Amino acid sequence: MCGIIGYAGGGNAAAAIYKGLLNLEYRGYDSAGLAVMENGKCRVVKSCGRVEKLNASLQFLSGNTGIGHTRWATHGKPSNSNAHPHTYGKVTIVHNGIIENYAELKSKLLAEGDVFSSDTDSEVLAHLIDKFYDGNLLSAVVKCADMLKGSYALLCMREGKDEIVAAKYRSPVILGYGEGCNYCSSDLPALAGNCGRVCVLEDGDFAEVTASYIRICDRTGKEISREILPNLAEPAELSAGGFPHYMLKELWEAPATVKNTVKLFESCKTSALAALSGAERIILTGCGTAYHAALAGKRYIEEFCGIPCEAEYAGELRYKTTPECGKTALIAVTQSGETADTVEAARLFKSLGAKVTAVTNSPHSAITRLSDAVVRVAAGTEVCVAATKSYSGQIAALYLIAALLKGDDGEMTKKVEKAPDLILNALQQVDIYTLAEMCSNSRGVYFLGRDIDYAVALEGSLKLKEVSYLPGSGYPAGELKHGTLALIDEKTLSVFIITDEKLAAKSSGAVEQVLARRGKVAVLTNIDGVRGAFENRAEIITLPECDKFLSPLVSAAALQLLAYRTAVIMGRDPDKPRNLAKSVTVE
Ligand code: F6R
């Protein structure tokens with residue numbers, strides 16, 4: 001969240017930064033800005049709203065070195081003055097992260113007579129670096145960093161020199177090596193097509209970036225070397241490819257994601273087995289959608305391997321009483337690999353002696369660097385803020401991990417190999433338009449299921465909320481009568497997911513309870529008896545038949561489509577929902 005980019009080269013810095021910002025916009029889009037060094041002077045343009053609003057100013061900027069930012073507000077409302085870059089004296093900065101002790105630093109600076117022009121935590125960085133500067137920008141940045149509590153990916157320029165200094169702590173910075181130019185960025189998509197090689201900074205690293213060199217060093221200024229990797233980001237992945245929105249494009253990419261995740265799993269097996277076998281307890285963690293995938297993963301491991309499992313939100317897990325870690329293994333599920341709560345939970349468990357396995361879509365992320373084993377989700381770039389195909393990949397990966405721990409002889413893997421066709425059937429056959437209309441006309445939408453269908457209900461609800469802004473929740477169907485039923489009337493819609501024969505009668509009872517109270521009902525099912533029972537009394541969505549444990553793949557496909565259609569009917573932008581950002585690097 002918040003995207004930062006720096007460019008130093010022979011070309012037009014403003015154009016290069018603008019292009020990078022467009023590709024980083026999924027990290028935040030309430031305001032944007034950029035600064036270029038023109039004849040030794042720093043020129044800044046900013047705008048509230050989307051990155052494209054900067055376009056009109058680009059023609060007036062001509063420098064070769066610059067920095068840019070797209071913002072997801074943490075401190076201070078979205079506004080021109082709170083937009084980055086922030087300048088103080090001769091120093092201009094962009095920042096991703098949170099400076100936890102900014103209030104204390106700011107009051108000292110105010111007492112010294114400094115005047116602040118924003119409500120952000122980040123502005124203190126420009127003030128401190130300007131004050132500490134004594135001829136060397138890097139050492140001023142180090143002195144500033146020494147005073148900070150919190151997290152930062154920081155890019156800084158000072159008037160008079162075509163140079164960017166970067167600093168990284170608990171927020172990502174990737175350096176890109178181009179032809180006659182160099183880059184710094186929060187993430188790979190901004191570097192797609194620009195540079196063949198990249199380098200991921202570690203916590204505590206600093207770097208000097210100019211058109212002709214990148215120098216990485218520690219806080220003493222001593223040069224250090226970091227592995228230089230090929231740039232895996234594909235420019236082609238950055239187009240919606242004829243689809244009206246990335247969300248629609250990406251949810252159609254779920255079958256390919258599952259197929260490629262199965263393929264990649266072969267190369268992950270040995271390390272996953274080493275990290276997980278022998279564990280007497282497995283904890284799965286993640287945030288949002290990734291947590292919902294973790295819930296399904298918990299069921300797989302318990303059911304197939306009999307190992308006691310827990311699934312916990314990463315933001316909660318971190319603050320529980322210090323966990324007993326002997327013989328405990330952690331599985332951290334995260335698309336971006338940078339979600340602060342997930343990364344910190346993994347770091348905590350590792351420090352307590354637990355083996356950590358990451359299930360992630362991001363090969364160069366913070367989570368991959370600290371984990372003992374990495375199981376790759378092969379979703380490719382997911383641009384839409386709402387997770388779609390990555391969820392499907394996570395489900396497939398967790399199912400495969402459970403199969404591996406069980407010692408599967410290939411039967412379970414074969415089942416996952418068939419899943420892409422089932423997802424495709426669901427996407428092609430499900431007629432979701434009527435239900436999307438029903439959602440858009442409802443005052444609240446509740447998603448209900450039992451067991452694995454409950455895990456999917458949570459995800460269906462989250463997806464609808466985030467892209468349509470309709471209120472609602474996911475519940476275990478059996479819990480309805482214990483309180484939530486009070487919300488039901490003719491203006492609410494209850495969406496039941498019923499894919500488990502064994503629990504179908506119980507869930508059907510809950511459907512009857514809602515109908516008896518004149519609530520509107522939809523039933524997503526692949527069970528004939530359920531369909532027959534509610535044919536003329538509820539909206540029926542028929543799902544393809546599939547193994548109960550892989551049903552999240554087909555029901556989620558239908559629910560993602562439902563969320564997308566509802567958002568479009570309601571005139572929302574499904575790719576960039578209000579208030580949100582992808583890759584939540586603040587705690
Ligand atoms: C919802 C969504 C979020 C993310 C969550 C974790 O559609 O995208 O709930 O799932 O922020 O992100 P990652 O998986 O990157 O750790």
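When a ligand or atom number is given, it counts from 1 through the structure's own listing order. Please read these numbers as outputs of a predicted model, since none were measured by experiment.
For R578 and Y469, the positive end sits near the middle of the six-membered ring, less than 6.0 Å away and at most 45° from its axis.
When the options C287, A340, A563 are ranked by their closest heavy atom to atom 5 (C) of ligand 1, first place goes to C287. The nearest non-hydrogen atom to atom 1 (C) of ligand 1, considering only M247, E466, Q394, comes from E466.
If you number the atoms of ligand 1 from 1 as listed, the ones under 4.0 Å from a heavy atom of A290 come out as 10 (O), 14 (O). Ligand-side atoms of ligand 1 in range of G288: 9 (O), range being under 4.0 angstrom from any heavy atom. Here is the list of ligand 1 atoms found below 4.0 Å of a heavy atom in S336: 13 (P), 15 (O), 16 (O). Applying the 4.0 Å criterion to heavy atoms of Q335 picks out, from ligand 1, the atoms 13 (P), 14 (O), 15 (O), 16 (O).
Here the straight-line distance linking atom CG of L330 with atom CD of E310 works out to 10.5 Å at 0.5 Å rounding.
Dense packing is recorded around CD of E202, with more than 12 heavy atoms of other residues, nucleotides or ligands lying under 6.0 Å away. The 12-atom threshold is exceeded at CZ of F243, counting heavy atoms of other residues, nucleotides or ligands nearer than 6.0 Å. The local environment of NZ in K355 is sparse, with at most 12 non-hydrogen atoms from other residues, nucleotides or ligands closer than 6.0 Å. Within a 6.0 Å radius of NZ in K259, other residues, nucleotides and ligands contribute 12 heavy atoms or fewer.
Using a 4.0 Å cutoff on heavy atoms, V385 counts as a contact of ligand 1. The closest approach between any non-hydrogen atom of H292 and ligand 1 is not below 4.0 Å.
With a 4.0 Å heavy-atom cut-off, ligand 1 is reached by the side chain of K463 but not by its N, CA, C or O. Neither the backbone nor the side chain of K582 comes within contact range of ligand 1; no heavy atom lies under 4.0 Å.
In terms of heavy atoms, I432 sits closest to A558 at CD1-O, 3.7 Å.
A side-chain contact (heavy atoms from CB on, under 4.5 Å) with K548 is found for one member of D453, N526, D500, T499 and no other, namely D500.
Note: an N/O pair closer than 3.5 Å links T289 and ligand 1 by distance alone.
Relative orientation of the Y475 and Y446 rings is tilted, given thresholds of 30° and 60° on the angle between their planes.
Scanning all protein heavy atoms for the shortest distance to atom 13 (P) of ligand 1 gives T339 OG1, 3.2 Å. Ranking protein heavy atoms by distance to atom 11 (O) of ligand 1, first place goes to V584 CG2, 3.9 Å.
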